[in-house]
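Let me begin by presenting the structure, written as structure tokens, before commenting on it.
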Amino acid sequence: MQRKRAKLQIQNSEINSTTASHIFKGIAIYVNGRTEPSVQELRALIILHGGVFEPYLVNFSLVTHIITCVLTEAKIREFKNRKVVRPEWLTESVKAGALLPWRDFEFVQGPRAHQLPSYATDASNSNAQRAMADPEWRAANTSAAPGFIKTYFENSRLHFLSTVKAELVREAQARAEAKQEQQQAEGLERADYSPVKGKGRERVIMHCDFDCFFVAAGLLSRPDLRGKPVVVCHSQGNQGGSSSTSEIACASYEARERGIKNGMSLQQARKLCPSVLTMPYEFERYRDLALKFYTILMVHADELQAVSIDEALIEVTTAVSRVSSADPAKDLAERIRAEVKAETGCEISIGIAHNVLLARLATRRAKPAGALHLRPSDVPGLIATLEITDLWGFAHSHRDKAREKLGSTALSELAKKSRTVLSDALGKKTGETLYNAIRGIDDTELRSDKQRKSVSAEISYGIRFNSRETAEVFVRDMAETVSQRLNELKMRGRSITLKIMKRAPSAPVEAPKFLGHGACDVFNKQTALVGAGGRATSDAKVIGEHAWRILESFHFDPQELRGIGIQIQKLEPTDGPVNTDSNQKRLPFKPAEPIARPPSVIAPPSPAPARVYAAAVNLAGPSTDASLPAIDDVDPAVLDALPLDVRQELEQAWQRRSESPFPGKAPPVQRGSGPPRSRSTAPQSVFPGGKAAGLKLGPRSGGYILDKNSVHPNRPANSFLRPTDSYIRDELGLDPVMLALLPRHIQREQLTAARLIKTLGAIPEVSGERLILKPRRYDPPPDLFRQPPPYAKYPEKPKLRQQGRTGEKVFFTEADDVQGLIEAWVHAFKEIPPNGKDIEFFAKFLVQCVDSERSTDTGVERAIAIVKWWLVLLRRYWGDYEHIEGTVEEAEDARVAEAWWKAFRDVKERIDVVARKKFGGRLSLR
DNA sequence: ATCCTCCCCTAC
DNA sequence: TAAGGTAGGGGAGGAT
């Protein structure tokens, strides 16, 4: 193969000697399958114009683009993250004499409507079109409406499910904490004789799940509807609901028999069953029922993992061991079912097995209204009848992969595949999970102690903006929402991701689903979230500012937006109490008092201890947007005025720096053509010299907990959190106050290191990371501003303005070779950023073309032609950077590219503003 | 190797 | 009219 490659490369270079142009310079192309024009012709074309033809796809990194006319399903997956382009890209580029943007020729597989939900046809929703035509309706019922976010979340079933799940998880966690403490206490008292609990005994796992939860709940007050095809959805079924796109959240068994499925639209359901009846959501009732359900489960469970409002996994090994009968597990399950039925009036089903995987499988066979104990001997027989999607965690995507790469989706077939084969097809871990699952093996533990990693809010329904301003208001409101959620959890974050859904170019303006998002392109962008003083934050203004900046950086038309989400990561607990009147609905769990509990059942756990939030340090009030204290030397106004990319770079630097408790100055930022910044993993300075006046800072998040009895709300009791001040000071030789100022993870390191010193007398050189509290080198201040571009290298830097008329009006005449001029301009500024005055001049000229009183269609057309040409030029030089912005780029040419694209977008925006004013639309560059 | 980031995927 | 959220697991691919 290597020889073959080498030979072909020689052939390539022979053709190369007669190169006609260099438009494909830097491009390496692999041609996949049969194409029109043929591979031979394409190869000649590529080489003729300075590109590289890669005959084999041995190494993906050698190939920049893949050319194809058809792709098999398998290839689509294989090439998913590649630039796959139609051959016309090459032929058209040659015709144009310039490299056209590959995205305009991106290979896309034909419509895959079958993958979309049934309501998502291509047709626009005519009801929505009508409604949206009325500005008043629009202003009152879409994302532009005041209070939209609140009402939306009040009515969203998915939001409800997520919220309740989070609450249940927290309760389970609190319970686990309490239980652990109780056990520890008992363990101490009875250490001498207490037997090791449960060890050596096979686990008993139960998967408990309401049958058609929402429907069952609704039927409690509508007994006359029992036995009928009923669904829960928003639509009141006006006009028979025959044209309703309202989604069915839950269908009764009678409805399911008629083919109605959860997630269908009501209109679909009506077609299948015209007599289907609808019930409204009753969120508060669901909450009450779930509370009763979980309370009962908690009584019986050693361990409980909340799955959702109507579903939980419990380990009941102990409780089962206390039942003496022929089938104790099944008997306990029936008892639990009876208790839930008595308390809630609803049926649950319970799957029982020795692991989670099988318990979940058992539940399916237990339904409706039953309990089923799946024994090891039953497993092979059951598994053999199943499909891959019957396994928890495997859905259509894995099914498709299995079908393509493994030739089957039946577990009986997949059972013949080796571990390696499965892993190669599905990924390492997923393959192993599947391999084990087929054999009934699953050793996942029930976990109730997981800590939160992110907090987010997202809406992709009813998002319709007609202006930048409404979009901005919305984004900032969303930020407010996220901020509240963070505060309720007493969390702050250091990282923000904005998710944007934008109407796909091929999708109708009004989606098939009423006010839905329709087919969309999704954009995620993550940046550092920098609160006051460079610290983690939950401040709504700060979050809003970051989110809005990110959104703006995309320069999307607000009218095209269909979904907005804000996610906060890199969470830290808030130290002191945050002034939030927690209006969060907490599930009012109380110490369980189960109904008709037989004496064989273990005693209910004691309630969780009062949770105390110790404020380690609280020297200042909560952070606010207005006070940017720590970065003393930077005027906030200056900061604001910086270009986004510079700002973000600084912010990231601050963030890195602020690992130190005293966010003083950011580390130096390499700029321009200097050597690339070494992202040193060197230890962060723990105690910068000089201004230890950092003490004036506000509360440092992550302070250790001084009260040894306190328990952090979202963290299980953790021994490292427990040292007393005197222990820290006297035994470990650390300053407890200083320690409290450190972020939690550094505290942990410091404590560990100090303990090691104490016991070993020295710290082992583990990774060379920061080890122990001691003063460190002081980092010099950052290089805040861009170096001026090296003008001297370009003594005859051409100015666009020189070509303009000197009179009061700036205008090109027909005689001017505008295209040639722009080309010369762009070419001249290929290696340094363009001059702002030139851009200004150019923008004015174009705006005038569109806007001036004597502007005619030809003026507009001229502007379009010029902007298009500009676009072609920019894409020719910097096509790869077109959709990249705001990134922290080191390379000079990347900076230049970004500068040009920014200029382009700014100018385009200015023209669009005028065009919108004048014609109510934007310039189309297609 | 191991970590990090940026996705996709999955569950309810 | 309708209310398509949310968090975590994991894979790919690049940086360290």
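All chains are named by letter (A, B, ...) in the order of the sequence lines, taking the proteins before the strands, and each is independently numbered beginning at 1.
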Measure from the side chain of [X], starting at C-beta and using heavy atoms only, and say which of [options] lies closest.
X: A:K570; options: B:dT5, C:dA2, C:dA7; answer: B:dT5
X: A:S397; options: B:dC9, B:dA11, C:dA7; answer: B:dC9
X: A:A395; options: B:dC7, B:dA11, B:dC12; answer: B:dA11
X: A:W392; options: C:dG5, B:dA11, C:dA7; answer: B:dA11
X: A:L161; options: B:dC12, C:dG9, C:dG11; answer: B:dC12
X: A:T245; options: C:dA3, C:dA2, B:dC12; answer: C:dA2
X: A:K429; options: C:dA7, C:dG11, C:dA3; answer: C:dG11
X: A:F153; options: C:dT6, C:dA2, C:dG9; answer: C:dT6
X: A:S156; options: C:dA7, C:dG5, B:dC12; answer: C:dG5
X: A:E311; options: C:dA3, B:dC12, C:dG10; answer: B:dC12

Verify the contact: side-chain N or O of [X] to OP1 or OP2 of [N], cut-off strictly under 4.0 Å; return yes or no.
X: A:S460; N: C:dG5; result: yes
X: A:K513; N: C:dA3; result: yes
X: A:R447; N: C:dG8; result: no
X: A:S235; N: C:dA2; result: yes
X: A:R452; N: C:dA7; result: yes
X: A:K401; N: B:dC9; result: no
X: A:S246; N: C:dA3; result: yes
X: A:H396; N: B:dT10; result: yes
X: A:H159; N: C:dA3; result: no
X: A:S454; N: C:dG8; result: yes
X: A:T163; N: C:dG5; result: no
X: A:Y152; N: C:dG5; result: yes

Could you pull out the closest heavy-atom pair between A:N127 and A:N125, with the gap in Å? N-OD1, 2.9 Å
Shortest non-hydrogen contact from A:N262 toward A:R256: ND2-NH2, 3.7 Å
Look at A:E572 together with A:R494 and state whether they make a salt bridge at an N to O cut-off of under 4.0 Å.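 The answer is yes: the pair qualifies as a salt bridge.
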What does [X] touch in the nucleic acid at a heavy-atom separation under 4.0 angstrom: a base, only the sugar-phosphate, or nothing?
X: A:N125; value: nothing
X: A:G393; value: sugar-phosphate
X: A:K165; value: nothing
X: A:S162; value: base

Can you check the [X] [atom1] to [N] [atom2] distance for me, whole Å?
X: A:L498; N: B:dC6; atom1: CG; atom2: P; result: 13 Å
X: A:K499; N: C:dT6; atom1: NZ; atom2: P; result: 10 Å
X: A:Q567; N: C:dT6; atom1: CD; atom2: P; result: 10 Å
X: A:F160; N: C:dA2; atom1: CZ; atom2: C1'; result: 18 Å
X: A:L313; N: B:dC12; atom1: CG; atom2: C1'; result: 12 Å
X: A:R464; N: C:dA2; atom1: CZ; atom2: C1'; result: 11 Å

Drop me the distance from A:L411's CG to A:F394's CZ, to the nearest 0.5 angstrom.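 With rounding to 0.5 Å, CG (A:L411) is 9.0 Å from CZ (A:F394).
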Are the side chain of A:S246 and the backbone of A:H234 linked by a donor-acceptor contact shorter than 3.5 Å? yes
Give a yes or no on whether the backbone of A:E510 and the side-chain of A:S124 come within a donor-acceptor separation of less than 3.5 Å.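 Side chain of A:S124 to backbone of A:E510: a pair is present.
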Hey, can you tell me if A:F210 and A:F213 have their rings parallel, tilted or perpendicular (30° and 60° cut-offs)? tilted
Please compare A:V455 and A:G516 by the position of their nearest nucleotide in DNA chain C and report the one closer to 5'. A:G516
